[in-house]
Amino acid sequence: MQRDSPTRFETQTVAAGEDPSEQAHGDVVSPIHLASTFVHERPDEAGEYTYARTATPTRTTLEKRLATLEGGEHALALSAGMGAVGTALLSVLNPGDHVVAFNYLYGGTRKLLDDVYGPRFGVDVDYVDATSTEAVRDAVTDETALVYVESPTNPLMKLCDLEAIASVADEADATFCVDNTFASPALQRPLEFGADMVLHSTTKYINGHSDTLGGAIVTDDAELADAAIHARKYATGAVPSPFDAYLALRGVKTLAVRMERHCENAAAIAEFLADHSAVESVNYPGLESHPQHELAAEQMADFGGMLSFEIDGGKHEAAEFLAGLDHVNLAVSLGGVESLIAHTPTMTHRYLDQKTRDRMGITESLIRLSVGIEHVDDLIADLDRGLAKIE
């Protein structure tokens, strides 16, 4: 008996794309299909699965769930977040195209655009402050093929008006792509605001356990989906292993409840940091002091588990603060159940040159915090211990 399709997000995270009645033994958890190749009935008659680079049953289940969670028709699971970025760019851009991009993009995405697409394919990229829709509008030309943003951004937590920029991109007949990693579909679904393509590093909140790499592309556009599938199959080959797909499926089942705790903890920690004498400023959309607090409240279900803050001092004080922490882990990445903290200029954004970091506002005193699901009092006590080292 076929299950009815679940309609509420919390149920979708657990059940979408996964039906025990379709499994040979009624498995409530989709099996890990390790086969790299699949038998044909005849030479000219292939089944749904032929070769693992094209598709596997475990990956298909994950893709169905990701499409459902983002409210899209098509999803591709990929081997990493950068695999998703690279595959998306290959599916949209041609030599000589023009790109309008948020000037606060993740550094790896900027490196790909600046070091590969610019010099090797003649793609022209204009980085603009997309917190201003007018800045995006002014940058768009007849050659613009792609408008690419993150919202919120890494690490300064800046937002852009997704619906307004979608309209600008539509008028220009350009693809509008949104990296939704920091929010996750639990808090924001860009396709509902008019985006053409949504990207994720599923390594982060979707998996949520810091134990696998993955990426995803979700779209409503069949032509875009076909182009991305072609790029993944014949150009990037960036497919996740069956085990990685299984881990992402396992992790996403708890996305809704994890995000509730991430948001609750982050809000309390942001308030604590904002009131601390050793902290100069806090970047968190949930604070009323955030310049885009109202926009965040309009297009996000909650304000997320990511924040950054400037301590009173520079690189030395940052090192002293971080060395004073006992529980919060000093590590790159984000979105896991454990809290992770990083000195942004020397860790997450060290491969950007100093001039670019300066333009982005990434100072020697900038700390990024991925707030986990531990007890918030323990997290605050740990941060307080670290800050006491520099007061």
Side-chain angles (χ1 to χ4, degrees), residues 70 72-74 76 82 84-154 158-180 188-200 217-232 234-236 292 295 299 352 355-356 359-360:
E70 277 289 359
E73 293 295 323
H74 314 277
L76 286 76
M82 283 306 299
V85 174
T87 301
L89 295 181
L90 272 173
S91 68
V92 173
L93 295 178
N94 292 306
D97 278 344
H98 178 246
V99 176
V100 177
F102 206 160
N103 60 353
Y104 296 102
L105 285 184
Y106 166 60
T109 304
R110 287 186 67 125
K111 292 286 284 185
L112 181 58
L113 288 168
D114 294 344
D115 294 355
V116 178
Y117 276 89
R120 299 189 184 184
F121 300 107
V123 171
D124 182 26
V125 184
D126 277 329
Y127 293 102
V128 302
D129 183 359
T131 61
S132 165
T133 302
E134 287 308 306
V136 177
R137 191 186 305 278
D138 291 343
V140 167
T141 71
D142 292 339
E143 286 73 42
T144 302
L146 176 66
V147 177
Y148 190 110
V149 305
E150 298 172 16
S151 187
T153 63
N154 177 12
K158 294 179 180 290
L159 286 79
C160 56
D161 189 327
L162 298 178
E163 188 170 23
I165 294 178
S167 179
V168 171
D170 188 56
E171 290 171 8
D173 197 27
T175 298
F176 180 36
C177 181
V178 180
D179 186 328
N180 197 35
Q188 179 174 268
R189 307 212 289 184
L191 295 177
E192 295 177 353
F193 294 95
D196 299 301
M197 181 181 285
V198 177
L199 301 187
H200 284 279
I217 296 172
V218 185
T219 181
D220 278 330
D221 189 314
E223 290 187 12
L224 274 178
D226 287 344
I229 289 168
H230 189 272
R232 180 182 66 178
Y234 296 111
T236 67
Q292 297 166 296
L295 176 63
Q299 65 187 27
L352 295 178
K355 186 179 293 185
T356 301
R359 284 198 302 265
M360 293 178 68

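Since the model is a prediction, treat every value here as computed from it, not as a measurement.
- The shortest distance between side-chain heavy atoms of T109 and Y148 falls below 4.5 Å.
- D221 and T219 share no side-chain donor-acceptor pair at under 3.5 Å.
- At least one side-chain heavy atom of L89 sits less than 4.5 Å from a side-chain heavy atom of L146.
- The salt bridge (charged side-chain N to carboxylate O under 4.0 Å, His left out) search around E73 returns none, not counting sequence neighbours.
- Here the side chains of E143 and D124 are not in contact, with every heavy-atom distance at 4.5 Å or above.
- Here the side chains of K111 and M82 are not in contact, with every heavy-atom distance at 4.5 Å or above.
- In this structure, I217 and L224 have side chains that are not in contact, with every pair of non-hydrogen atoms separated by 4.5 Å or more.
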Review item, side-chain donor-acceptor pairs of residues 101-108, under 3.5 Å, at least two apart:
residue, atom, partner, partner atom, Å
Y106, OH, Y351, OH, 3.3

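- S91 places a side-chain N or O within donor-acceptor distance of the main-chain N or O of A88, the cut-off being under 3.5 Å.
- Applying the 6.0 Å contact sphere to CG of D115 captures more than 12 heavy atoms from other residues, nucleotides or ligands.
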Give every donor-acceptor pair under 3.5 Å between a side-chain atom in residues 160-175 and any protein atom, sequence neighbours left out.
residue, atom, partner, partner atom, Å
D161, OD1, E163, N, 3.4
D161, OD1, A164, N, 3.1
E171, OE1, R137, NH1, 3.3

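- The closest donor-acceptor contact from the side chain of Q292 to the backbone of L159 lies under 3.5 Å.
- Taking CG of D179 as the start and NE2 of H200 as the end, the distance is 8.0 Å to the nearest 0.5 Å.
- Here the straight-line distance linking atom CG of L90 with atom OH of Y117 works out to 3.5 Å at 0.5 Å rounding.
- Using a 4.5 Å cut-off on side-chain heavy atoms (C-beta onward), P190 and Q299 make no contact.
- Counting only heavy atoms from C-beta outward, the side chains of M360 and L352 approach each other to under 4.5 Å.
- Between atom NE2 of residue H74 and atom CD of residue E223 there is a gap of 10.0 Å, rounded to the nearest 0.5 Å.
- In this structure, L93 and A145 approach most closely via the heavy-atom pair CD2-CB, 4.2 Å.
- For the pair T153 (side chain) and K158 (backbone), a donor-acceptor distance under 3.5 Å is present.
- Here the closest non-hydrogen pair linking V128 and A139 is CG1-CB, 3.6 Å.
- The closest side-chain heavy-atom distance from V99 to Y127 is not below 4.5 Å.
- A donor-acceptor pair under 3.5 Å is formed between the side chain of N180 and the backbone N or O of Q188.
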